[in-house]
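These notes concern the structure reproduced below.
As the structure is a prediction and not an experimental result, all values here were calculated from the model.
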Amino acid sequence: MPTALDDAPAVKAAGAPGSRRVRRGRRRVALPYLLLLPAILLELLVHLIPMIAGLVMSFFKLTQFYIRDFSSAPAAGLDNYKFVLDFNAAAGKSLLGSFWISVLYTVLSVGFCWLFGTSAAVLMQKNFRGRGLLRTLFLVPYALPMYAAVITWSFMFQKDTGLVNGLLGTDSFWLIGDNSFWSLVVVSVWRNWPFAFLIVMAGLQNIPGELYEAAAIDGAGWWRQFQAITQPMLRPVNQVLLLVLFLWTFNDFNTPYVLFGASAPKEASLISIHIYQSSFVTWNFGLGSAMSVLLLLFLLIVSTVYLGLTARRRNAVV
């Protein structure tokens, strides 16, 4: 008479295909995470580890005397933060001045980038001869290598041989004094507005054309259509676009550094340049790290508040 033991090999044989399917399913689920693992490790190496190192350095009096042996630098506690936040002292006043210059620079650059990008994207929605060529030309500033583009602008801003003075018929200094700030804004807007143009143009592709046709039948002009259809439909796109432009611009280091060098004029001394000078010119890495941490906290707070306000507004509309 057959027993349970006699049926065991048959049960195992029947269950073997199922177990193989389970293992294949597990491998299929784990494969995307394994493919992401190199990118995650690289992200940790490039961003997170230097961020932690900078945070640790901000609590030490790490000056040029301890460069050969960082571990021998004396602990500073919160002294570096107190020093840079003392706005009655020279260092605090200088940092605060750079902060307000960065705020003004960010507001102007982001505002003009959004304005030019949105205007160009709306105009490019209409079919006309040469539209493809214009779209390509609009993207040239964004496609050019950043260093090559900014160096070209620095030549154009030269006093005696620059193209800007030649076209305007002036003899002005554009890389020093008050004009240096406006030169920086011009270069930043020229570099970044095509990005706004791309994002807004992609958002416009998702707006049904029937809405504009119905509005035109009801007698709405192009400005009324822009207010009632384009802007509301583009609100999610604009929310992300403005945040990205804000983070890029406020934290911008490459543009002023290539345009002016390490010693940027006072009128164009952004907070990123100020931190660089504190760290690599005066060789006070402790103070520079403290400023970097404060800048990171500021950007995190502004981004969190902005995302919270936009999410609340979006929920209120829904």
How close do [X] and [Y] get, heavy atom to heavy atom, and via which atoms?
X      : Y      : result
Ile229 : Ala215 : CD1-CB, 3.8 Å
Phe197 : Met124 : CE1-CG, 3.8 Å
Ala290 : Tyr81  : O-CE2, 3.7 Å
Ser289 : Ser279 : N-OG, 4.4 Å
Ser303 : Leu247 : OG-CD2, 3.5 Å
Gln277 : Ser263 : NE2-CA, 3.7 Å

Do [Y] and [X] have ring centroids that are under 6.0 Å from one another?
X      : Y      : result
Phe280 : Phe285 : yes
Phe250 : Phe298 : yes
Phe138 : Trp193 : yes

Please examine the side chains of [Y] and [X], heavy atoms only from C-beta on, and report whether any two atoms are closer than 4.5 Å.
X      : Y      : answer
Pro208 : Met233 : yes
Asn80  : Phe59  : no
Leu175 : Ser180 : no
Leu287 : Thr282 : no
Asn238 : Val200 : yes

Out of curiosity, [X] [atom1] to [Y] [atom2], how far, rounded to the nearest 0.5 Å?
X      : Y      : atom1 : atom2 : answer
Thr310 : Leu243 : OG1   : CG    : 8.0 Å
Tyr276 : Tyr257 : OH    : OH    : 3.5 Å
Cys113 : Trp248 : SG    : CH2   : 10.0 Å
Ile52  : Met57  : CD1   : CE    : 13.5 Å
Gln205 : Gln125 : CD    : CD    : 5.0 Å
Leu104 : Trp100 : CG    : CH2   : 10.5 Å

Polar side-chain atom of [X] near backbone of [Y] as donor-acceptor pair, under 3.5 Å:
X      : Y      : result
Arg131 : Leu123 : no
Ser272 : Asp252 : yes
Thr255 : Ser188 : no
Ser269 : Lys266 : no
Asp86  : Gly92  : no

query: Should the ring pair Phe112 and Phe116 be called parallel, tilted or perpendicular, given that the plane angle runs from 0 to 90° and is split at 30 and 60?
result: tilted

query: Considering the options Asn165, Asp171, Thr170, which one meets the side chain to side chain donor-acceptor pair (under 3.5 Å) requirement together with Lys159?
result: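 Single side chain to side chain donor-acceptor pair (under 3.5 Å) partner of Lys159 among Asn165, Asp171, Thr170: Asp171.
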
task: Tell me yes or no: between the side chains of Thr249 and Tyr105, is some donor less than 3.5 Å from an acceptor?
output: no

Flag if over 12 foreign heavy atoms under 6.0 Å of CZ, Phe99: yes

field: Flag if over 12 foreign heavy atoms under 6.0 Å of CZ, Phe253
entry: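 Yes.
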
